[in-house]
Amino acid sequence: MSSLIVGAALFVCCAYVGFGICDLYKRRSAFFDALIEYLDSLERGISYAKTPLPKLTEDFAADKKGELFALLRKFAGDIRAGQKTEFKSPIFSAYERRRVVEMLDSLGKYDTDTQLTELRRYRALFAPTREIAVKKYSTTGKLAAKLGVLVGIAVMLALA
């Protein structure tokens with residue numbers, strides 16, 4: 001009976017690790033998807049509506065969940081306070097964090113035409129990262145979840 005309990009506990013642990021890895025890839029994919037969407041939204045807002053940056057950012061991030069949206073809400077507040085936005089997250093590389101902060105820091109510092117050019121440049125910079133993140137989520141992330149469950153079942157059977 002105790003081996004069954006231990007086996008069940010190990011199954012839960014293995015499945016939890018697998019789903020945790022899957023969630024990491026899912027969060028990265030969602031972040032870069034939303035970042036590209038934000039850049040497109042900024043381009044439309046700056047080109048046509050001429051809306052101020054904090055308003056554009058707050059409207060985009062309102063009522064949405066995720067790491068990017070929390071970062072954007074913080075960014076809009078930092079703009080009003082005149083502070084530089086910091087971005088710390090363990091699921092992104094130092095290079096990715098620097099590029100995101102650099103992109104946020106460059107917003108609102110140029111005339112309209114130059115700003116639109118910068119937005120297109122950052123979109124081109126983040127598009128390959130987004131594609132890689134989406135691909136890794138669909139392959140590695142989902143595989144990790146399945147393997148976590150399978151390893152958990154194998155451990156449970158080995159102990160039974």
Side-chain angles (χ1 to χ4, degrees), residues 13-152:
C13 290
C14 291
Y16 183 76
V17 168
F19 283 111
I21 293 170
C22 180
D23 183 59
L24 179 132
Y25 284 107
K26 183 178 181 180
R27 287 173 40 204
R28 282 183 53 82
S29 174
F31 181 90
F32 287 112
D33 274 343
L35 183 61
I36 297 295
E37 187 181 329
Y38 174 63
L39 291 171
D40 291 342
S41 171
L42 280 179
E43 191 173 338
R44 285 188 306 275
I46 291 171
S47 298
Y48 304 113
K50 308 276 191 223
T51 309
L53 181 62
K55 177 84 171 115
L56 277 173
T57 301
E58 287 171 346
D59 289 347
F60 180 78
D63 302 331
K64 295 180 183 171
K65 294 181 181 179
E67 275 192 72
L68 178 70
F69 302 112
L71 176 64
L72 291 177
R73 285 189 285 276
K74 182 180 180 310
F75 171 64
D78 288 347
I79 290 173
R80 289 198 169 96
Q83 298 174 340
K84 185 174 176 166
T85 301
E86 295 293 322
F87 176 48
K88 297 177 183 172
S89 178
I91 65 171
F92 301 103
S93 69
Y95 173 80
E96 292 166 343
R97 289 191 306 267
R98 278 194 310 270
R99 292 301 148 252
V100 169
V101 168
E102 175 186 293
M103 186 253 329
L104 292 174
D105 192 41
S106 76
L107 295 176
K109 302 244 166 90
Y110 304 107
D111 63 282
T112 303
D113 293 333
T114 307
Q115 187 69 70
L116 291 172
T117 303
E118 284 292 303
L119 289 174
R120 288 184 201 106
R121 183 176 75 85
Y122 281 112
R123 189 181 198 299
L125 177 74
F126 289 120
T129 307
R130 177 193 161 270
E131 290 175 18
I132 291 169
V134 168
K135 185 177 179 182
K136 285 207 174 230
Y137 167 63
S138 66
T139 56
T140 308
K142 291 181 180 178
L143 181 65
K146 292 173 186 171
L147 283 176
V149 171
L150 288 175
V151 167

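Because the structure is predicted, anything quoted here is derived from the model rather than measured.
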Examine distances only and state if a side-chain atom of [X] and a backbone atom of [Y] form a donor-acceptor pair shorter than 3.5 Å.
| X | Y | value |
| --- | --- | --- |
| Arg123 | Ile36 | no |
| Ser138 | Lys135 | yes |
| Gln115 | Gly108 | yes |

From [atom1] ([X]) to [atom2] ([Y]), nearest 0.5 Å:
| X | Y | atom1 | atom2 | result |
| --- | --- | --- | --- | --- |
| Leu116 | Leu42 | CG | CG | 9.5 Å |
| Lys109 | Thr114 | NZ | OG1 | 14.5 Å |
| Arg120 | Leu125 | CZ | CG | 15.5 Å |
| Cys22 | Leu147 | SG | CG | 11.0 Å |
| Asp33 | Leu68 | CG | CG | 10.5 Å |

Using side-chain heavy atoms (C-beta onward) and a distance below 4.5 Å, is [X] in contact with [Y]?
| X | Y | result |
| --- | --- | --- |
| Val101 | Thr85 | no |
| Glu96 | Phe32 | yes |
| Leu71 | Leu104 | yes |
| Ile46 | Leu53 | no |
| Glu102 | Tyr122 | yes |
| Asp113 | Thr117 | no |
| Leu39 | Met103 | yes |
| Asp78 | Lys84 | no |

Criterion salt bridge (Lys or Arg N to Asp or Glu O under 4.0 Å) on Asp40 and Arg44, from CA distance to verdict: CA-CA 6 Å; Asp40 291 342; Arg44 285 188 306 275; 5.2 Å; no
Ring center gap for Phe75 and Phe87 short of 6.0 angstrom: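 Not under 6.0 Å, so no.
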Lys65 to Phe69, cation-pi by 6.0 Å centre distance and 45° axis angle: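 No, Lys65 does not sit over the ring of Phe69.
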I need the minimum non-hydrogen distance between [X] and [Y], along with the two atoms involved.
| X | Y | result |
| --- | --- | --- |
| Ala61 | Leu72 | CB-CB, 4.0 Å |
| Arg27 | Glu67 | NH2-OE2, 2.7 Å |
| Glu58 | Ala76 | CG-CB, 3.6 Å |
| Gly141 | Tyr25 | CA-CD1, 3.7 Å |

Verdict with reasoning, Thr57 to Tyr38, per side-chain hydrogen bond (donor to acceptor under 3.5 Å, both in side chains): CA-CA 8 Å; Thr57 301; Tyr38 174 63; 2.8 Å; yes
Can you give each donor-acceptor pair under 3.5 Å made by side-chain atoms of residues 13-20, sequence neighbours left out, with the distance rounded to 0.1 Å?
none

Crowding at NZ, Lys146 (>12 non-hydrogen neighbours, <6.0 Å):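 Not buried by this count: 12 neighbours or fewer within 6.0 Å.
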